[in-house]
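I have placed the structure first, in the form of structure tokens, so that the comments after it can refer back to it.
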Amino acid sequence: MIKFFKSDETKRMTQILQFEEGCWVDLINPTDDEVEDVGGFTGISEEMLKAALDEEETARVEWDEGNFMCLLDTPIMMDADDGDMYETIPMALIYNKKCVVTVSLHGNPVLGDFVSNRVGVGTADPVFFILNFMMGNAKKFLSSLRQIDKKSLRVQAELHRSMKNKELIQLLGLENSLVYFSTSLSANLNVYNKMERMPVIGKNEAYKDLFDDVVIETRQATEMCNIYRDILSGTMDAYASIISNNVNIVMKLLTVITFIVSIPTLIASLWGMNVKVPFTSTTGGFWIIIGICVAVTAVVSYFIMRATNSIRIKTPKPIKRKRRGGGH
């Protein structure tokens with residue numbers, strides 16, 4: 001799908017019907033014919049336009065015959081059987097003397113803010129356009145990380161009430177999302193380190209200030225992602241230990257029950273042999289044997305329970321979780 005946008009002097013974005021110099025070309029999961037058409041009237045190579053259509057493409061910056069491309073990873077929410085999960089996909093921002101072009105496999109909420117004029121961005125200044133997208137992308141990472149943290153706490157609360165596989169699978173999915181985020185944020189930071197040396201940014205004070213804010217937001221998102229990932233990883237290990245401990249408790253209980261039940265079984269087996277045994281000629285022999293079984297079982301049970309209760313494992317005191325403040 002191809003859409004053309006152009007801003008006026010007040011940076012108000014409007015959609016136009018065809019390509020014009022100084023416009024913004026938005027490509028969302030384009031076909032080969034659409035890529036060929038855009039390459040024809042923008043002068044951008046098809047290879048560069050198709051770079052973001054590979055989900056495994058790495059973030060990078062690239063110059064090619066007057067065309068500059070910045071390929072970044074952006075967060076998206078995907079529908080899954082166990083709820084919404086977060087992933088990252090590449091987004092290409094390309095500009096030359098004619099226009100600025102964005103290419104992605106899915107629609108991007110940051111670009112949606114540009115279209116709806118919630119963020120005033122002019123298409124005549126492609127560098128400012130790209131820097132504003134970087135800022136919006138960093139804030140989107142921060143917002144997604146907060147949503148992941150909230151969902152993680154909600155799932156953990158459900159796990160406290162009932163230990164189910166569904167909640168554990170959800171936690172595993174959130175942990176995977178944080179791994180994707182951590183990798184993508186690190187890749188984006190590498191791109192920003194390369195862009196910092198570009199003369200077009202260093203010579204313009206407004207560009208430099210905005211770029212510094214982008215780097216700060218991205219580093220904050222990276223730090224938050226690492227913290228949440230470590231917390232969630234520790235939580236998963238804790239629940240694995242709890243499940244293992246519950247299994248051990250059940251097995252211990254079954255072992256004790258099996259041992260106690262075997263005592264009257266053993267006594268009954270001895271008196272069931274085809275030989276002369278005590279109380280054979282006694283009228284109340286059956287009740288005497290029952291009494292012996294009950295007495296022996298009670299005594300053994302008492303000592304087993306006493307021995308079991310005396311074995312206690314010392315557990316460390318829980319560490320209170322501290323929330324990190326700050327942010328922009």
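We count residues from 1, following the sequence as given.
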From Met224 atom CE to Gln220 atom CD, the distance as rounded to the nearest 0.5 Å: 6.5 Å

Exercise: identify the closest heavy-atom pair between Phe141 and Asp73: CE1-O, 3.4 Å

Least distance between heavy atoms, Thr42 atom then Cys99 atom: CG2-SG, 3.6 Å

Any donor-acceptor pair under 3.5 Å from Asn67 side chain to Ile94 backbone: no

Polar side-chain atom of Glu57 near backbone of Asp54 as donor-acceptor pair, under 3.5 Å: no

Side chain proximity check, Leu171 to Ser152, heavy atoms < 4.5 angstrom: yes

Value rounded to 0.5 Å, distance of CG in Asn137 from CE in Met134: 9.0 Å

Pairwise distance CD1(Ile260) to OG1(Thr255) - rounded to 0.5 angstrom: 11.0 Å

Crowding at CZ, Phe41 (>12 non-hydrogen neighbours, <6.0 Å): yes

Transitive ILVMFWY cluster of Ile28, excluding itself - 4.5 Å side-chain cut-off: Met1

Nonpolar side-chain network containing Trp287, other nodes, edges under 4.5 Å: Phe286, Ile290, Val294

Side chain to side chain contact (heavy atoms under 4.5 Å, CB included) partner of Leu174, the single match among Met236, Lys151, Arg229: Lys151

Considering all heavy atoms, the nearest Thr88-Ser184 contact: OG1-OG, 2.8 Å

Pair Thr10, Asp8: side-chain N/O donor-acceptor within cut-off below 3.5 Å: yes

Polar side-chain atom of Thr14 near backbone of Lys6 as donor-acceptor pair, under 3.5 Å: yes

Atom pair CE/CG of Met85 and Leu172 - distance to nearest 0.5 Å: 8.5 Å

Steps toward side chain to side chain contact (heavy atoms under 4.5 Å, CB included) verdict (Tyr95, Ile130): CA-CA 9 Å; Tyr95 81 89; Ile130 292 176; 3.5 Å; yes

Atom CD of Glu47: over 12 foreign heavy atoms under 6.0 Å: no

Any Phe181 side-chain heavy atom under 4.5 Å of Ser144 side chain: yes

Interatomic spacing from CD in Glu175 to CD1 in Ile231 - rounded to 0.5 Å: 12.0 Å

Common cluster, Leu185/Val110, ILVMFWY with side-chain heavy-atom separation under 4.5 Å: no

Closest approach of Leu189 to Val215 (non-hydrogen atoms, all atoms of both residues): CD2-O, 4.4 Å

Note, Thr74 side chain near Ser104 side chain (heavy atom, < 4.5 Å): no

Side chain to side chain contact (heavy atoms under 4.5 Å, CB included) evaluation trace for Asp209 with Glu205: CA-CA 6 Å; Asp209 291 341; Glu205 191 65 26; 3.5 Å; yes

Side-chain heavy atoms of Leu254 within contact of Val250, under 4.5 Å: yes

Closest non-hydrogen atom pair, Val103 against Met91: O-SD, 3.4 Å

Met195 and Ile201: CA distance, side-chain angles, deciding distance, side chain to side chain contact (heavy atoms under 4.5 Å, CB included) verdict: CA-CA 8 Å; Met195 291 183 64; Ile201 294 178; 4.0 Å; yes

Atom NZ of Lys140 with >12 non-hydrogen neighbours under 6.0 angstrom: no

Non-hydrogen side-chain atoms of Asn226 and Ser182 separated by less than 4.5 Å: yes

Residue among Tyr207, Phe68, Trp24 satisfying ring pair (Phe, Tyr, Trp, His ring centres under 6.0 Å) with Phe129: Trp24

Identified side chain to side chain contact (heavy atoms under 4.5 Å, CB included) partner of Phe133 from the options Val119, Asp113, Val214, Asn108: Asn108

Connected via hydrophobic side-chain network under 4.5 Å: Val247 and Ile257: no

Centroid separation Tyr86 to Tyr180 less than 6.0 Å: no

Side chain to side chain donor-acceptor pair (under 3.5 Å) evaluation trace for Gln147 with Ser143: CA-CA 6 Å; Gln147 293 299 321; Ser143 175; 5.0 Å; no

Glu196 with Lys208: basic N within carboxylate O range, under 4.0 Å: yes

Asp64 side chain near Ser45 side chain, heavy-atom distance below 4.5 Å: yes

Backbone of His106 reached by a side-chain donor or acceptor of Asn29 within 3.5 Å: no

Exercise: identify the closest heavy-atom pair between Leu178 and Cys225: O-SG, 3.2 Å

